[in-house]
Protein chains: 2
Amino acid sequence: MGMNYSLLFVLLRAGAHERYVRLSTAELASRLEVSQQTSSRWLIQAQKEGWAERGLNGLRLTQKSLTELRLLCETLQASFESRKKTSIKGEVISGLKDGRYYVPLPEYKRQFKEKLGLSPYPGTLNIRIQDMEAKLILADRKGVTINGFSHQGRVLGEIKCFPCLIQKKIKGFVILPSRSHYGLDVLEVISKTNLRKALRLKDGDKVEISVSLE
Amino acid sequence: MGMNYSLLFVLLRAGAHERYVRLSTAELASRLEVSQQTSSRWLIQAQKEGWAERGLNGLRLTQKSLTELRLLCETLQASFESRKKTSIKGEVISGLKDGRYYVPLPEYKRQFKEKLGLSPYPGTLNIRIQDMEAKLILADRKGVTINGFSHQGRVLGEIKCFPCLIQKKIKGFVILPSRSHYGLDVLEVISKTNLRKALRLKDGDKVEISVSLE
DNA sequence: ATTACTAAAAGCCGAGTAG
DNA sequence: TCTACTCGGCTTTTAGTAA
């Protein structure tokens, strides 16, 4: 029989981790949104299994409960405070050259300058990545959003950007266009400079992108 | 229908808060310690209620789940990081005078000096407290431990100490001897000075002890 | 391999109520 | 007041199994 999380959380909120608290089974029931009978039964069970104890002054959580809850707290914290940075590896590919079209569009350019402080080189460096999940992690994060717009009857979608360092040398941004022509295995990077030239990259070269998830 | 905590915690531990994770219902079942059929049913339910979603790449937690879990995380953190100080009130009593025997023992004295920076007055101030729960709170905390030892065939137990301020004036330590002769209603305090003299205390006088729980 | 349905058994819930 | 028992009804579980 596992622990009754709802009960433990209610007891914790009542302060039963540091002192005996006086809580009638009826009061407990209302906080748990169950009947008085059920809260009474749950409490008896929790006592039997060593999660809670009752004394003259009321209820309190046992050391066993506290250990368990503290562990849970750490698990939760670890999950939520997880990675602020990630490193993505892949190799340079040629791609469709469409970055050369959309990156220099005035509306995108204006927003790149305003939101990223970047006057981008007109084009993207395309990287085929090994770990596709990495792109999914980015897709989930907030990043900086460049708004979409219409241009000459064409709809240009929004772009999500993440600051990054290419080969640990040059600053740039990983961009995730909402209407990308690439799949999950290709990452697009923009920078002030022509990355291929500056880093002497050619198709097939291995590159490392250190991305800040902020 | 409330959320299924066990399921959410297992999914969180699997990393489903930041990406799709591939987990068969059988694998999930073994982690949840339920049958495959039950894990399948729970998952369907969680999906229906908007706690989890399934894509081609596996399972992941929804925003709704993350919001809920983050809130829970904060509750837990708040509970565990709670009070760093507490105030205990009571009145001076005479006690058994046994502090006069054990406080000055060289081994205890050495540790008091080393661990607390204290050369204690040979004796304890005994206080009958109104709120017995306060002592239980202390017993639960770590404090500073003075190790036990043997002396002339007698076993002297370990002592847990908490820095305190008596009457908001004089520094000292609340001590909790593991083999105390007192019950939960009596607190023993040591200090560099003779507290009775310095604060002009006599039996029955009200005192306030501000304890640092660290 | 996998998921999820059926159906019977097991377990849980809460109204009623005793102490 | 309060807690916790009984017991009929309802829900959840899991073995078996189909897809």
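Order of the sequence lines fixes the chain letters, A, B, ..., with proteins taken first and strands second; residue numbering starts at 1 for each chain.
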Interatomic distance where [atom1] belongs to [X] and [atom2] belongs to [N] [whole Å]:
X	N	atom1	atom2	answer
A/Leu23	D/dA4	CG	P	14 Å
A/Asn4	C/dC12	CG	C1'	12 Å
A/Gln45	D/dT3	CD	C1'	16 Å
A/Gln47	D/dT3	CD	P	12 Å
A/Leu59	D/dC2	CG	P	14 Å
B/Leu32	D/dT12	CG	C1'	15 Å
B/Gln36	D/dA15	CD	P	10 Å
A/Glu27	D/dT3	CD	C1'	15 Å

Could you tell me the separation between the [atom1] atom of [X] and the [atom2] atom of [Y], rounded to the nearest 0.5 Å?
X	Y	atom1	atom2	result
B/Arg31	B/Leu7	CZ	CG	12.0 Å
B/Glu158	B/Lys160	CD	NZ	8.0 Å
A/Leu165	A/Ser210	CG	OG	5.5 Å
A/Ser65	A/Glu49	OG	CD	10.5 Å

**Prompt:** Between B/Phe173 and B/Phe112, is the ring centre distance below 6.0 Å?
**Reply:** no
Under 4.0 angstrom between [X] side-chain N/O and [N] OP1 or OP2:
X	N	value
B/Thr38	D/dT14	yes
B/Arg41	D/dT11	no
B/Ser35	D/dT13	no
B/Trp42	D/dT13	yes

**Message:** Show, in sequence, the C-alpha distance, side-chain angles and deciding distance for A/Leu8 and A/Trp51, and conclude whether the side chain to side chain contact (heavy atoms under 4.5 Å, CB included) test is met.
**Reply:** CA-CA 8 Å; A/Leu8 259 46; A/Trp51 301 112; 4.0 Å; yes
For nucleotides 6-8 of chain D, give me every protein contact, N/O to N/O, under 3.5 Å, one pair per line with atom names.
none

**Exercise: identify the closest heavy-atom pair between B/Ser150 and B/Val155** = OG-CG2, 4.1 Å
**Message:** Starting the side chain at C-beta, find the nucleotide from D/dT13, C/dT3, D/dA4 nearest to A/Ile44.
**Reply:** D/dA4
**Asked** With a non-hydrogen cut-off below 4.0 angstrom, is A/Arg54 in contact with a base, only sugar-phosphate, or nothing?
**Response** sugar-phosphate
**Asked** Looking across every strand, which nucleic acid part, if any, lies under 4.0 Å from A/Ser40 by heavy atom: base, sugar-phosphate, or nothing?
**Response** base
**Prompt:** Mind checking whether A/Tyr101 and A/His151 have parallel, tilted or perpendicular rings, split at 30° and 60°?
**Reply:** tilted
**Prompt:** What is the ring orientation for B/Tyr5 with A/Tyr5, classed by angle as parallel under 30°, tilted 30 to 60°, or perpendicular over 60°?
**Reply:** tilted
**Position toward the 5' end of DNA chain D (nearest nucleotide), B/Glu33 or A/Leu43** = A/Leu43
**salt bridge (Lys or Arg N to Asp or Glu O under 4.0 Å) evaluation trace for B/Asp203 with B/Arg196** = CA-CA 9 Å; B/Asp203 284 3; B/Arg196 277 188 182 255; 2.8 Å; yes
**Fill in**
One would report the end-axis bend of the helix from C/dT2-D/dA19 to C/dG19-D/dC2, five pairs per end and rounded to 10 degrees, as 40°
